[in-house]
Every structure is written in C-alpha cells, then in structure tokens.
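One-based numbering, in listed order, for ligands and for the atoms of each. All heavy atoms count here, side chains included; hydrogens, waters and symmetry mates do not.
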Amino acid sequence: MTAQIIDGKAFAAEVRAKVAEHVSALKADHGITPGLAVVLVGEDPASQVYVRSKGKQTVEAGMESFEHKLDVSTSEEDLLALVDKLNNDPAVNGILVQLPLPDHIDEEKVINAIDPAKDVDGFHISNVGLLATGQKAMVPCTPLGCLMLLRDHFGSLSGKEAVVVGRSNIVGKPMAQLLLRDSCTVTIAHSRTKDIEEVVKRADIVIAAVGRPEMVTGDWLKKGAVVIDVGINRLPPAEEGAKGKLVGDVDFASASQVAGAITPVPGGVGPMTIACLLANTLTATCRANGLPEPEGLTA
Ligand code: NDP
C-alpha cells in the first residue's frame, strides 16, 4: 500500500488565500486592517529567515507587518517595555516574540507579558489554560495547522485513536488538547514511554513531534494510519560545504508503505505554521472588534 500524500504546501496556500479574502472584506466593510508585530532579538540565522518569511506573507495577505529587530544585548527590561507598547498599540492585533531569546532574557516572563488577546503564538499561560479547559483561546500555530490538515482529511475526528509522540509545550501538549477537543481518544507518548512502538501501533492518527530524525518507522504503524510529521531535522551533509537533507521525525520511505496518508517533510506541516499565524492574527482582530470569527480558520 502506498500512502496518500497530504500536501501541506497546497493547503497552506488555500488558508492564506482565505485569510486574504477575509482581510479584504474587513477593510472594505469596517475600515480595519489587521496588524502583526514580530519581535526578533539577536541575529540567529534560522530566526532571521522565519521572521523575513512571516513579514512577507503578512503583507501578501493584506495585513500590516511591524518588524522590530533588536540587538542581541537588549535588556529584558527594554524588551518588556516594547511588549507593553505593542500591547497598547491599537494598530497591532497580534504580537509574536521570536524564540529562542538570548540567555539573559527570561522567555516565560516575556511571553506572559504579551496581552493574551494579541498572543498569536498561543503560548501565554492564560491561553494554555483556556485551551486545556475547552474555552476560546489563541491556539499555537503548528498544532492548529496539524488539526486543519486532519479535519480536511477525515471530516470528523470523533472517536479516532490518536497518539501524539512528544510532550513539548509548543507542539505535543497543545496538539493533544486539540485532538481531545475534537473527541479523539488521545495518548501522549514521550521519552519514558514503555513499548512505544506498540503504543503507536494502535493509532488511527499519529502525530510525530520529537526532534529525532526518522525515528517512527513503518513497522510502528497500524495499516492505514494517518501520519502527521511535525519534525524538521537537518541530516549531516554528505560532503563538506553541502547542505544536509531535511527530514522529519518519521521515516517516510517505510511509513508511506503502511500509512493511509502522510505529510511529507518538507512541504507538510511546515508551511501550515505561518499560514496559521496569519489565521490567528485575523481571528484576534475579529475578536478585538466584536466581529464574527472567520469560519474554518480557528480551532
Ligand atoms: P522538544 O525537544 O521540545 O520536545 C521533544 C519531545 O519529544 C519531548 O517531549 C521528548 O520527550 C520527546 N522525545 C525525545 N526523544 C524521544 C524518544 N526517543 N522517544 C519518545 N519521545 C521522545 O521539541 P518540539 O516539540 O519543540 O519540536 C519537535 C519537532 O518538531 C522538532 O523536530 C522541531 O524542529 C519540529 N517543529 C516543527 C515546527 C513546524 O513548523 N513544522 C514547529 C515546531 C517544532 P521528554 O519530554 O520525555 O524529553
């Protein structure tokens, strides 16, 4: 059996197009332009690429993009002052502080200083609590992207057996909460899970968010399982100076022989993350203005 490929790149383009359509209507009908502020501290090359990409896609969706690039030596106090300013700026509907932050800055303190209503990354402790208690929250972008792909594939997720491999605060835990909210039976596996292959084997839905290249192999899977690979791992380059191959946490070659459907890496979950950031910014704008939320773009 060869799995259906879930094309995250194409789906993300559809999400961005929907966001752009809503933004255009917001402008025409209400004179509102959603604004997303992205704050980058330091010069981490990967973060710079992400921030550039976020800015570009924000503008393409018709929103305002506010980029704040701060020196690596910026103090925690100055960063908190900027967050406070953005919290109080009516043109800013979403705030994202790019992680990781330099060691001298307390990440949790900064994240929890963001107005929860503008916390488009969904990392603020209030949003974590709202999601866990089934209330209206801002939902972390990567798990939201996975959920959208799954809903598109299955329609209803009710009653499905789901196994999330990984229990991080940014992917594994919120992913499990979202699946639970959609009435899956959810198991979270992690580095201390016994007989992890057997646990994964009972799943109709497998979410791999581990950060270990190609760890989940075809022989871990139930025939026909739907596999969402969150991992982004760069293998060591074959020769010096070359770029290593990008792979997921799932061994695509063996898994695609057993799975019913699978996301590739790259081109699966990755593109959904920024698309969901734009969707969250739109949602935050609608909520702030007492307008109905865009259908199909929230959890
Ligand atoms: P973390 O390192 O924060 O968490 C990894 C999780 O995997 C931990 O819960 C850990 O368990 C578990 N784990 C590690 N080794 C094993 C093992 N051998 N068996 C079972 N479980 C294990 O990673 P993130 O959640 O931040 O990211 C996971 C992956 O997703 C990474 O590859 C990352 O690059 C990618 N990612 C992709 C995004 C995208 O946009 N597509 C966005 C965010 C992340 P324990 O808690 O017991 O240590």
Side-chain angles (χ1 to χ4, degrees), residues 6-13 15-16 38 44-54 57 96-101 107-108 111 120-123 128 131 139-150 162-179 186-203 206-217 219-221 227-236 244-252 255 262-280:
I6 297 177
D7 187 347
K9 199 171 166 198
F11 197 85
V15 170
R16 292 198 305 272
V38 176
D44 176 65
S47 295
Q48 282 181 327
V49 172
Y50 287 138
V51 167
R52 235 191 337 268
S53 208
K54 284 166 186 170
Q57 294 188 28
L96 180 146
V97 177
Q98 185 68 43
L99 303 178
L101 289 169
E107 270 182 15
E108 252 176 58
I111 288 166
V120 282
D121 248 345
F123 296 158
V128 175
L131 177 61
V139 174
C141 304
T142 301
L144 178 58
C146 297
L147 183 77
M148 284 186 189
L149 293 176
L150 285 168
V163 174
V164 180
V165 190
R167 56 173 164 181
S168 72
N169 289 336
I170 63 168
V171 188
K173 283 182 197 146
M175 187 72 247
Q177 295 289 358
L178 287 172
L179 292 167
V186 184
T187 304
I188 306 180
H190 46 78
S191 67
R192 309 293 167 90
T193 299
K194 293 208 171 77
D195 299 327
I196 194 162
E197 292 96 328
E198 290 310 309
V199 172
V200 172
K201 211 168 214 134
R202 59 174 190 246
V206 178
I207 312 275
V210 191
R212 305 216 173 251
E214 302 174 319
M215 187 183 87
V216 178
T217 50
D219 53 356
W220 291 31
L221 301 172
V227 179
I228 305 289
D229 189 354
V230 180
I232 302 177
N233 310 288
R234 198 168 285 282
L235 295 178
K245 193 180 165 207
L246 213 55
V247 298
D249 292 341
V250 176
D251 174 38
F252 187 85
I262 186 167
T263 58
V265 176
V269 174
M272 289 299 291
T273 298
I274 300 187
C276 286
L277 172 67
L278 304 181
N280 274 352

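- Between the side chain of Asp195 and the backbone N or O of Glu198, no donor-acceptor pair lies under 3.5 Å.
- The side chain to side chain donor-acceptor pair (under 3.5 Å) check on Gln98 picks up Lys54, with sequence neighbours excluded.
- Under the rule for a side chain to side chain contact (heavy atoms under 4.5 Å, CB included), the partners of Asp7 that lie at least two apart in sequence or sit in another chain are Lys9, Ala10.
- Side-chain atoms of Glu107 come within 3.5 Å of backbone atoms of Leu101 as a donor-acceptor pair (strictly under, hydrogens ignored).
- Around ligand 1 you find Thr142, Gly166, Arg167, Ser168, Ile170, Val171, His190, Ser191, Ile196, Ala209, Val210, Gly211, Arg212, Met215, Val230, Gly231, Ile232, Asn233, Asp249, Val269, Gly270, Thr273, each with a heavy-atom distance below 4.0 Å.
- In this view, Thr193 satisfies the side chain to side chain donor-acceptor pair (under 3.5 Å) rule with no residue, not counting sequence neighbours.
- Of the listed residues (Asp249, Leu246, Val247, Thr273), just one forms a side chain to side chain contact (heavy atoms under 4.5 Å, CB included) with Ile232, and that residue is Leu246.
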